[in-house]
Amino acid sequence: MNASTAIDTAAIRAALPSLSRRVHDDKSMIYLDAAASMPRPASVIDAVRAFDEQFPANVHRATHQLASEATQAFESARGDVARFINAASPEEIIFTRGTTEAINLFANSWGAINLSDGDEVLITAIEHHANIVPWQLLSQRTGCVLRVIDCRDDGSVDAKEAEAAITDRTRLVSITWISNALGTVVDVKAIVAAAKSRGITTHLDAAQAVPHRRVDALAIGADAMSFSGHKMFGPTGIGVLWARSEMLQGMSPYQGGGEMIKSVSFEGSTWNDPPWRFEAGTPNIGGAIGLGAAVQWLEEIGMDAIASHDAAMTSELVDRLSHIPRVVLVGTPADRSGAVSFNVEDMHHADVGMLLDRHGIAVRTGHHCAEPSMDRMSVTGTVRASLGCFTNSSDLEALDTALRRVIEVFG
Ligand code: PLP
């Protein structure tokens, strides 16, 4: 049991087989790249394997037993996700390939109908590209305009400044909950409330929030939210767009094909009900089933326990890095979670990352698909250490030791 929290990191680590990998001359591997992708629990791997081995059939289409088992497992995973984020019903959960596809779906299905020339979409300066580029593409088609809420020099976002950025033309506020590049936690509840009081639609990029804290769709008050399976211990290639059912009812299809229709003739077609209206073609059935298993795994550990553990580990990580000579933190927001970016004076971030890897420490380097955040912090990129509920103090100590060694030998 970790001293600072109520979660059993030893038991959690035992459930994550990839953490026991050894790398580079049999060194133990210290995984500090959780913000890119979480490791996969054995129960998730087993759930996907059960689908592949026992009922690898298509959903919603056939009458035979295997197809009905696949359909039941797929729809039951939808129910798991709905319960996990406290959605009003499973029908509010649309399975996508990930956050990126979820936001593209929302931009195309909601945005293309509801945004026109001069309408403003408000985002923050610390978005992932997935919550920037879809709106730029939409702007080319509809003439809508992207407006940016600046962040402070420490990478935090001032909710009052966000509110002040709302104009008469703002039609959508689409913001990240937690920045993948800087670790900033945005006060989304306050910003959503300010937008809602003016009747503005809100969407949250919750990709980095769902693995670290309790996400309650109804309590947070937003209209839509996107997240990825692989960032919450589920498989790759699966993610979710959640939206209030009234919104989904008014949205047009994202892609056309099988299963998203009620009827098709050469004269025209009619659409299925949500969520199936937005899931054209054969979905990632195994991925959805794996995501359901990931949700159950997280629920067993408990999201409140995870949140306090991750907060304790994040603050230990910040503290350790702040005491290493020549290490400069990039982004120092007071409210942060999971990810810490830094650079080493006179060393390139890619070199630091590569040298840490030789010590068995897995971190990410570069712009983290958040180039505007890097520009705002006046850097070309950073080294990013990011953690999850499996991280313990020994991991952080290993990073501390390896980084000091890298700086001593190569810096
Ligand atoms: N938004 C945030 C905040 C992210 O961290 C990421 C991935 O790093 C994405 C969106 C895109 O997620 P995906 O690549 O799973 O679609």
Side-chain angles (χ1 to χ4, degrees), residues 31-40 44 81 85 94-108 121 123-137 148-149 151 155-157 173-186 188 191 203-213 215 220 222 224-242 254 283-284 287-288 290-291 294 310 314 331 333 335-341 362-374 376 381-388:
Y31 194 69
L32 289 170
D33 196 18
S37 233
M38 287 290 185
R40 225 80 75 226
V44 170
V81 175
I85 63 160
I94 300 166
F95 285 126
T96 64
R97 275 194 302 123
T99 307
T100 303
E101 190 180 46
I103 300 177
N104 277 279
L105 190 167
F106 186 60
N108 281 280
V121 175
I123 62 171
T124 74
I126 55 170
E127 302 300 331
H128 187 282
H129 297 165
N131 193 33
I132 302 173
V133 185
W135 305 115
Q136 291 175 330
L137 289 170
V148 180
I149 306 160
C151 66
S156 62
V157 174
V173 173
S174 179
I175 52 175
T176 191
W177 193 328
I178 298 179
S179 147
N180 65 306
L182 307 176
T184 309
V185 179
V186 177
V188 288
I191 300 173
H203 163 263
L204 298 178
D205 175 348
Q208 297 294 339
V210 277
H212 295 294
R213 54 186 51 212
V215 166
I220 207 73
M225 198 159 62
S226 302
F227 48 96
S228 298
H230 67 107
K231 294 188 194 288
M232 53 189 293
F233 299 93
T236 52
I238 189 77
V240 170
L241 173 71
W242 163 80
Y254 172 48
N284 181 355
L291 180 56
D310 291 2
T314 305
D335 194 2
R336 67 182 316 156
S337 176
V340 181
S341 260
V363 291
R364 176 151 171 204
T365 64
H367 56 54
H368 315 292
C369 298
E371 276 193 68
S373 312
M374 300 293 110
R376 180 62 182 82
T382 69
V383 184
R384 182 189 68 189
S386 56
L387 51 83

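No experiment lies behind these values; they were computed from the predicted model shown. In listed order, ligands and their atoms are each counted from 1.
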TODO: Quick one: do His368 and Thr382 satisfy side-chain hydrogen bond (donor to acceptor under 3.5 Å, both in side chains)? Show the steps, please.
DONE: CA-CA 8 Å; His368 315 292; Thr382 69; 2.6 Å; yes

Within ligand 1, which atoms have a heavy atom of [X] less than 4.0 Å away?
X: Gln208; result: 3 (C), 4 (C), 5 (O)
X: Asn180; result: 5 (O)
X: Ser228; result: 12 (O), 13 (P), 15 (O), 16 (O)

TODO: Pick whichever of Thr236, Asn131, Asp205, Ile126 has a heavy atom sitting closest to atom 10 (C) of ligand 1.
DONE: Asp205

Open item on the list: Among Ile238, Ile103, Thr100, which one puts a heavy atom closest to atom 14 (O) of ligand 1?
Closed with: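 That would be Thr100.
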
Open item on the list: Geometry only, no angles: is Thr176 polar-contacting ligand 1 at N/O separations under 3.5 Å?
Closed with: no

- [ ] Would you name the heavy atoms of Ala370 and Asn180 that are closest together and state the gap between them?
- [x]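 Closest approach of Ala370 to Asn180, heavy atoms only: CB-OD1, 4.3 Å.
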
Open item on the list: If you compare all heavy atoms of Val148 against all heavy atoms of Thr124, which two are closest, and at what distance to 0.1 Å?
Closed with: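 Smallest interatomic distance, heavy atoms only, reads CG1-C, 3.7 Å.
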
- [ ] State whether a side-chain donor-acceptor pair under 3.5 Å links Ser174 with His203.
- [x] yes

Open item on the list: Return the closest protein heavy atom for atom 4 (C) of ligand 1 as residue, atom name and distance.
Closed with: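 Checking every protein heavy atom, the shortest distance to atom 4 (C) of ligand 1 gives His128 CD2, 3.4 Å.
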
Task: Arg97 contact mode with ligand 1 (heavy-atom cut-off under 4.0 Å) - done: neither

Task: Side chain, backbone, both or neither: Glu101 near ligand 1, heavy atoms under 4.0 Å - done: neither

TODO: Say whether Lys231 and ligand 1 are in contact under the criterion: heavy-atom distance to a ligand atom below 4.0 Å.
DONE: yes

TODO: Using salt bridge (Lys or Arg N to Asp or Glu O under 4.0 Å) as the criterion, list what pairs up with Arg376, not counting sequence neighbours.
DONE: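 Arg376: salt bridge (Lys or Arg N to Asp or Glu O under 4.0 Å) contacts with Asp150, Asp153.
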
Open item on the list: Under the rule for salt bridge (Lys or Arg N to Asp or Glu O under 4.0 Å), what residues qualify as partners of Arg384, not counting sequence neighbours?
Closed with: Asp33

Task: Polar side-chain atom of Ser337 near backbone of Val185 as donor-acceptor pair, under 3.5 Å - done: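 No, the answer is negative, given that no donor and acceptor are paired below the 3.5 Å cut-off.
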
